[in-house]
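Counting starts at 1 for both ligands and their atoms, in listed order.
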Amino acid sequence: MANKQFDVIVIGGGPGGYIAAIRAAQLGFNVACIDEWKNGKGGPAPGGTCTNVGCIPSKALLQSSEHYDQANHHFADHGIKVEGLGIDLAKMLARKDQVVKQNNDGILYLFKKNKISFFHGRGAFEKAGDAGYDIKVTGAAEETITGKHIIVATGSNARALPGAAFDEENILSNDGALRIGAVPKKLGLIGSGVIGLEMGSVWRRLGAEVTVLEALPTFLGAVDEQIAKEAKKAFDKQGLKIELGVKVGEIKSGKNGVSVAWTNAKGEAQTLEVDKLIVSIGRVPNTIGLNAEAVGLKLDERGAIAVDDDCKTSLPNVWAIGDVVRGPMLAHKAEEEGVAVAERIAGQHGHVNFNTVPWVIYTSPEIAWVGQTEQQLKASGRAYKAGTFPFLANGRARALGDTTGMVKFLADAATDEILGVHIVGPQASELISEAVVAMEFKASAEDIARICHAHPSLSEATKEAALAVDKRTLNF
Ligand code: FAD
Ligand code: NAI
């Protein structure tokens, strides 16, 4: 029997893959999407790392733990008395699982709505032929299908420390970190990057004593220095213990937990004894089981699929997007690439502006930024002006009871074009969108300063920071 033939086959159903499939279907293509992720019952769970063990479950637990923290430490300030406060961790985790399931089901619905053929299984290159590429599906669905265009969106996996493989019992990746069955008394994390800070925050709020060991001497090196310093101050106050400039040595895991030998910044030998250890030292592109060799698909030196600026691989009509290629490992970056590739296949001019991809760290305070940091501008020798505005002077922040942090604008010294916006504070994740829009439209700081912002709102701090670029804040 002849293979089923598709215009576009997407391998991987994470945010990159499923969005690429939807956009390709919207453009009139006959599309298949193959994804191997299984839910607890062995059924399909599309949405990838993001939906199953990443963005969505982490934000669900960040929200639940923040509610607990608020009730525990901040409701009293509002005159609200709470008695008998406690945690039902099983229920909290079940809610998180339910949120994940709603997202999985939502994606399956979207596949149906857009008439995308979904295959639950692993997709592997078999061979290239006149009709396109043969992709062998194994798993719940077993067949070989042929696609004229292939979009590889196979994502990434957590990087393990040598000699400390993930067992998801004691030594946890992001997967295990999101389903610890009882709040550990002592929790260790290796790496104070995005996962380290988000997961460290969840479990600290729920009562764990958290220690984070970070190799680099600077905290959040990719973040604007002033913003990173402000965030560090807040985390220190919360009791999140972050050790910088460490060297991690032998890790021993046993019945009583995990012991980590490490050397501090002064070179002194230390030991950290914890109940659980989360290793969050970055992620590696995932090409396991893709059989890239069968068709000669080239990888780069990091093991990522080599692509050009347009996500074209070394092979004609084979594209790759998201975490499996260069660039930031972010769900929205993967999605933008998916849309752009589908449009390029249709002969359109899809594009992704890497200069305006926002970053958000969903801690409390939240940290969000877009564009260049002050240290990057200094290093490049670009003349710039900076303006900051503290949430302390914002009426809405005072009413919320959360005045930590600031908004910071960086603008070209001559043209006033916005070059970067950096926020640490309440709702930074939402506030950053205005900055992204402004930068996409090449706005000047003055443009934002002249726009009417609702009062009282946190976004007034954005307007004031734009005014601060010209040294004319109104409320500070
Ligand atoms: P993935 O989401 O990894 O999806 C790849 C899919 O392909 C998976 O379902 C996988 O099973 C499947 N697959 C792989 N190989 C095959 C094959 N051969 N055949 C069939 N299927 C295959 N990003 C944000 O922007 N915001 C956040 O808040 C955020 N939080 C995060 C929190 C955590 C704890 C983690 C770990 C990550 C977080 N990220 C966040 C990053 C985000 O999850 C990734 O950038 C995003 O998921 C990448 O999307 P993707 O489609 O490239 O790959
Ligand atoms: P990361 O790259 O953010 O941070 C890793 C940290 O580990 C770095 O600070 C690094 O210096 C440190 N490190 C590396 N090797 C080490 C070692 N041997 N000992 C001690 N420290 C070491 O990676 P992370 O946190 O694992 O997250 C992976 C990616 O997932 C992120 O970069 C991001 O792209 C994505 N993500 C995004 C989120 C968001 O958008 N809110 C949330 C979580 C993850």
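Polar contact with ligand 2: present for I195 (N/O pair, distance under 3.5 Å). For a threshold of 3.5 Å applied to N or O pairs, the pair formed by V360 and ligand 2 contains at least one separation below that value. Any N or O atom pair closer than 3.5 Å counts here, and V248 shares no such pair with ligand 2. Some N or O of E214 is nearer than 3.5 Å to an N or O of ligand 2, by distance alone. Taking distance alone, with nitrogen or oxygen atoms compared against 3.5 Å, Y362 stays at or beyond that limit from ligand 1. Residue H332 places at least one N or O, backbone or side chain, under 3.5 Å from an N or O of ligand 1. Between A215 and ligand 2, a contact under 3.5 Å exists for at least one N or O pair. At least one N or O atom of K59 sits closer than 3.5 Å to an N or O atom of ligand 1. Considering both main-chain and side-chain atoms, S58 never comes within under 3.5 Å of ligand 1 through any nitrogen or oxygen pair. Geometrically, ligand 2 and E198 share a nitrogen or oxygen pair separated by less than 3.5 Å. Below 3.5 Å of separation, one finds no N or O of P328 facing any N or O of ligand 2. Residue I321 places no N or O, backbone or side chain, under 3.5 Å from any N or O of ligand 1. Remark: ligand 1 and N174 share no N or O pair separated by less than 3.5 Å (distance only, no angle test). Checking only distances, V246 never comes within under 3.5 Å of ligand 2, N or O to N or O. Between G322 and ligand 1, no N or O atom pair is found at a separation short of 3.5 Å.
From the protein, the heavy atom lying nearest to atom 2 (O) of ligand 1 is T49 N, 3.0 Å. What sits closest to atom 10 (C) of ligand 1 on the protein, heavy atoms only, is D35 OD1, 3.9 Å. Of the protein's non-hydrogen atoms, E36 N, 3.3 Å is the one closest to atom 21 (N) of ligand 1. Nearest non-hydrogen protein atom to atom 7 (O) of ligand 1 is G12 CA, 3.2 Å.
With distances taken over non-hydrogen atoms, the option nearest atom 20 (C) of ligand 1 out of P358, G121, G48, C50 is G121. Evaluated by nearest non-hydrogen atom to atom 49 (O) of ligand 1, the leading choice among G14, P15, G47 is P15. When S156, G16, A45 are ranked by how near their heavy atoms come to atom 50 (P) of ligand 1, first place goes to G16. The residue from S429, G282, P358 that puts a heavy atom closest to atom 24 (P) of ligand 2 is G282. Selection from C55, G54, S173, S429 by nearest heavy atom to atom 42 (C) of ligand 1 gives C55.
Using cut-offs of 30° and 60° on the angle between ring planes, the pair Y18 and F111 is perpendicular. Using a 30° and 60° split on the angle between ring planes, F219 and F235 fall in the perpendicular class, above 60°.
Shown in contact with M329 at under 4.0 Å from a heavy atom are these atoms of ligand 2, numbered in order with element: 33 (C), 34 (O), 35 (C). Heavy-atom contacts of I190 reach the following atoms of ligand 2: 19 (N), 20 (C) (cutoff under 4.0 Å). Of all atoms in ligand 2, listed by their number and element, those nearer than 4.0 Å to a heavy atom of L330 are 40 (O). Each of the atoms 5 (C), 6 (C), 7 (O), 25 (O), 26 (O) of ligand 2 lies under 4.0 Å from some heavy atom of S280. Heavy-atom contacts of I34 reach the following atoms of ligand 1: 20 (C), 21 (N) (cutoff under 4.0 Å). Ligand 2 places these atoms under 4.0 Å from at least one heavy atom of L213: 20 (C), 21 (N). Counting atoms of ligand 2 from 1 in the listed order, those under 4.0 Å from a heavy atom of Y362 are 41 (N). Using a 4.0 Å cut-off to heavy atoms of G191, the atoms of ligand 2 that qualify are 6 (C), 7 (O), 12 (C), 21 (N). For ligand 2, the atoms sitting less than 4.0 Å from at least one non-hydrogen atom of L161 are 18 (N), numbered in the order shown with element in parentheses.
With no hydrogens or angles considered, a side-chain donor-acceptor pair links E168 and S173 at under 3.5 Å.
Heavy-atom separations between V53 and ligand 1 include at least one value shorter than 4.0 Å. Look at I195 and you'll find a heavy atom under 4.0 Å from some atom of ligand 1. For the ligand labelled ligand 1, residue M199 lies outside the 4.0 Å heavy-atom shell. Ligand 1 does not have K333 within reach: every non-hydrogen atom of the residue lies 4.0 Å or more from it. Judged by the shortest distance from any of its heavy atoms, Y18 lies outside the 4.0 Å radius around the atoms of ligand 1.
At a heavy-atom cutoff of 4.0 Å, ligand 1 is contacted by no atom of V194, backbone or side chain.
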Legend entry - Pair I278-F166, side-chain contact (heavy atoms from CB on, under 4.5 Å): steps then yes or no: CA-CA 9 Å; I278 298 172; F166 296 119; over 6 Å; no

